[in-house]
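Here the structure is laid out as structure tokens; the discussion comes afterwards.
We use all heavy atoms of the structure for the numbers below, so side chains are in, but hydrogens, waters and symmetry mates are not.
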Amino acid sequence: MLLKNVKPVSNAHKGKDTVDLRIGEGVIKEIGSGLKAAKGEDTHDFKGAYVSPGWMDMHVHLREPGFEHKETIKTGCDAAAFGGFTAVACMPNTKPATHTRDVVEYIIKKAEKLPVDVHPIACVTKERKGESIAEMADMKEGGAVAFSDDGDPVYDSQVMRVALEYSSMLGMPIINHEEDLALSRPGHMNEGKVSTRLGLDGTPGIAEEVMIARDILLAEYIGGHIHVAHISTKEGVDLVRQAKKKGIKVTTEVCAHHFDLTDEEIDRTNFNTNFKMHPPLRTQEDVDAMVEGLVDGTIDAICTDHAPHAIEEKEVEFMYAPNGIIGLETAWAISNKRLFQTKKLDLQQLMDKLVYKPREILSLHIPEIKEGAKANLTFFNTNEEWTFTPNNVRSKSKNSPYLNEKLTGRAVGIFNKGQLVLNELR
């Protein structure tokens, strides 16, 4: 297979040169200019699109097993491929929860023939109840890459301490949903001026920050690796920044919507439940802090927290709607708009957040663009204007705040596991 006219972007490539890639048996066989197709060789012209090592989203919900009416592993991977991701790490709030090795292996088996690598994140505690530690070592042997009770925090500090002790022996991170439940609930949006104006119970930023602070102190005491999931507040970023300066093993991620949208959207859209998620949309000051954290390296990775919900679940009063939005298909366009077009980050720096850091955090092999390397590639542009219509949603669910929005920049295809997926607009 010959892939023509692509501009490589990686740690070793700045996206300045246009080359052709020849791929055979899933491996990059040749990189050069003006390569000629052999007889019978499939050829695809990418017309100057960029190519990078395949992107990874380290925080998605594929819902299977147990909630296949929202998403399946197959439809979730379709959405990932359309968004340019060749790998995802899926959270364990399934049914049954991913708290035993057989569920970990089930997920891996279901995804093995799909063009997207699926890496299960296993539970910290049995049934995600926060009471007793799950069989961590056994689940690592089965293929788990991290531990989390995401959707709920590991609330008991002693349980978290023990979890960090075990996970550090296994060389794996604990990914915690940072939320002090007593402070946060029954909040339905960010606590502040907008929630007061709308008369909705709010979740204050301090509910997130208290738990981040606790986990940083525990990680310092134990020496374990804590990963702060979907960070959303200015003070939370500052806590992580200071912890990193002290040499504490803490990493973090931010969802694309948290460096783009604010809580004002809920008022502007008349309580559109596709703007309801957890952590909630915060203030402009918080959004600016997310960008600053990405720029200075405090925030390691860009993720989506892709959380599909069926239409009937979201089409209810705002306070009764579940938290969560889909995000795989739109993450690049948002990152392009807020980070690249504004010159906050260049393409190499963006690839660090999308390719390298997620895999470094999870101790996964990092793909490369070089002859002899396994072909694991994302093809994308930064200037194509397109509309995210319901027809262009690959997820089984449609709960996106960006539906029918005009976006700029698109992932035009991926190559992984010997499979080329070309993303055509519908």
- request: Using the test side chain to side chain donor-acceptor pair (under 3.5 Å), find all partners of H119 that sit at least two apart in sequence or belong to another chain.
  value: none

query: Relative to each other, are the rings of F46 and H44 parallel, tilted or perpendicular (30° and 60° limits)?
result: tilted

task: Just say parallel, tilted or perpendicular for the rings of H230 and H177, cut-offs at 30° and 60°.
output: perpendicular

field: E71 and H306: side chain donor to acceptor below 3.5 Å
entry: yes

- prompt: Are T75 and D78 linked by a side-chain donor-acceptor pair shorter than 3.5 Å?
  reply: no

- prompt: Sub-3.5 Å donor-acceptor pair from the side chain of W55 to the main-chain atoms of T86, do we have one?
  reply: no

query: Hey, are D150 and H61 close enough side-chain-wise for a donor-acceptor pair under 3.5 Å?
result: yes

- request: Please say whether more than 12 non-hydrogen atoms of neighbouring residues, nucleotides or ligands are located less than 6.0 Å from NZ in K126.
  value: no

query: Do the side-chain N and O atoms of T125 and H99 include a donor-acceptor pair separated by under 3.5 angstrom?
result: no

- request: Apply salt bridge (Lys or Arg N to Asp or Glu O under 4.0 Å) to D286 and K234, showing your working.
  value: CA-CA 5 Å; D286 295 309; K234 180 179 183 296; over 6 Å; no

- prompt: Quick one: are L422 and L420 in side-chain contact, heavy atoms under 4.5 Å?
  reply: yes

query: Near E385 CD, under 6.0 Å, is it more than 12 heavy atoms from other residues, nucleotides or ligands?
result: no

message: Could you check whether atom CZ of F340 has more than 12 heavy atoms from other residues, nucleotides or ligands sitting under 6.0 Å from it?
response: yes

task: Answer with yes or no whether the side chains of Q349 and D352 bring together a donor and an acceptor at under 3.5 Å.
output: no

query: Out of I175, I212, L239, which one pairs with V228 under the side-chain contact (heavy atoms from CB on, under 4.5 Å) rule?
result: I212

task: May I ask you to check whether over 12 heavy atoms, not counting those of Q284, lie within 6.0 Å of atom CD?
output: yes

Exercise: do Q348 and H13 side chains pair donor with acceptor under 3.5 Å: no

task: State whether a side-chain donor-acceptor pair under 3.5 Å links T251 with D300.
output: no

query: Donor-acceptor pair, K314 side chain versus H309 backbone, under 3.5 Å?
result: no

task: For E368 and K370, run salt bridge (Lys or Arg N to Asp or Glu O under 4.0 Å): C-alpha distance rounded to whole Å, both residues' side-chain angles, the deciding distance at 0.1 Å, then the answer.
output: CA-CA 6 Å; E368 298 178 87; K370 67 177 185 179; 3.5 Å; yes

query: Do we see a donor-acceptor contact under 3.5 Å between the side chains of Y155 and N176?
result: no

task: Measure the shortest side-chain to side-chain distance between L114 and I73 over non-hydrogen atoms and say whether it is less than 4.5 angstrom.
output: yes

- request: Not counting sequence neighbours, list each pair that qualifies as a side-chain hydrogen bond (donor to acceptor under 3.5 Å, both in side chains) and has a residue in residues 197-210.
  value: R197-E264, R197-D267, E208-S232, E208-R282, E209-T233

message: Test salt bridge (Lys or Arg N to Asp or Glu O under 4.0 Å) on K109 and E105; report intermediate values, then the result.
response: CA-CA 6 Å; K109 181 74 173 176; E105 293 177 340; over 6 Å; no

query: Would you find more than 12 non-hydrogen atoms of other residues, nucleotides or ligands less than 6.0 Å from K398 atom NZ?
result: yes

query: Distance only, no hydrogens: is a donor on one side chain within 3.5 Å (strictly under) of an acceptor on the other, for D238 and Q242?
result: no

- request: Please indicate whether K337 has more than 12 foreign heavy atoms, meaning atoms of other residues, nucleotides or ligands, lying under 6.0 Å from its NZ.
  value: yes

message: Would the distance check show the side chain of S52 and the main-chain N or O of V9 forming a donor-acceptor pair, the cut-off being under 3.5 Å?
response: no

message: Can a donor-acceptor pair be found, under 3.5 Å and without considering hydrogens, that links the side chain of K276 to the backbone of P322?
response: no

query: When you measure from the side chain of E68 to the backbone N and O of G66, does any donor-acceptor pair fall under 3.5 Å?
result: yes

query: Would you say R63's side chain and P308's backbone share a donor-acceptor pair under 3.5 angstrom?
result: yes

- prompt: Going by atom types alone, do H59 and E253 pair a side-chain donor with an acceptor below 3.5 Å?
  reply: yes

query: Under 3.5 Å, is there a donor-acceptor pair between the side chain of N399 and the main chain of G324?
result: yes

task: Check whether any side-chain heavy atom of V159 lies under 4.5 Å from a side-chain heavy atom of I133, and answer yes or no.
output: yes

- request: Would you indicate whether the side-chain heavy atoms of L261 and V287 approach each other to under 4.5 Å?
  value: no

field: Modelled atom types, side-chain donor and acceptor of E135 and T100, under 3.5 Å
entry: no

- request: Would you please classify the geometry between the W332 ring and the F380 ring as parallel, tilted or perpendicular, with 30° and 60° separating the classes?
  value: perpendicular

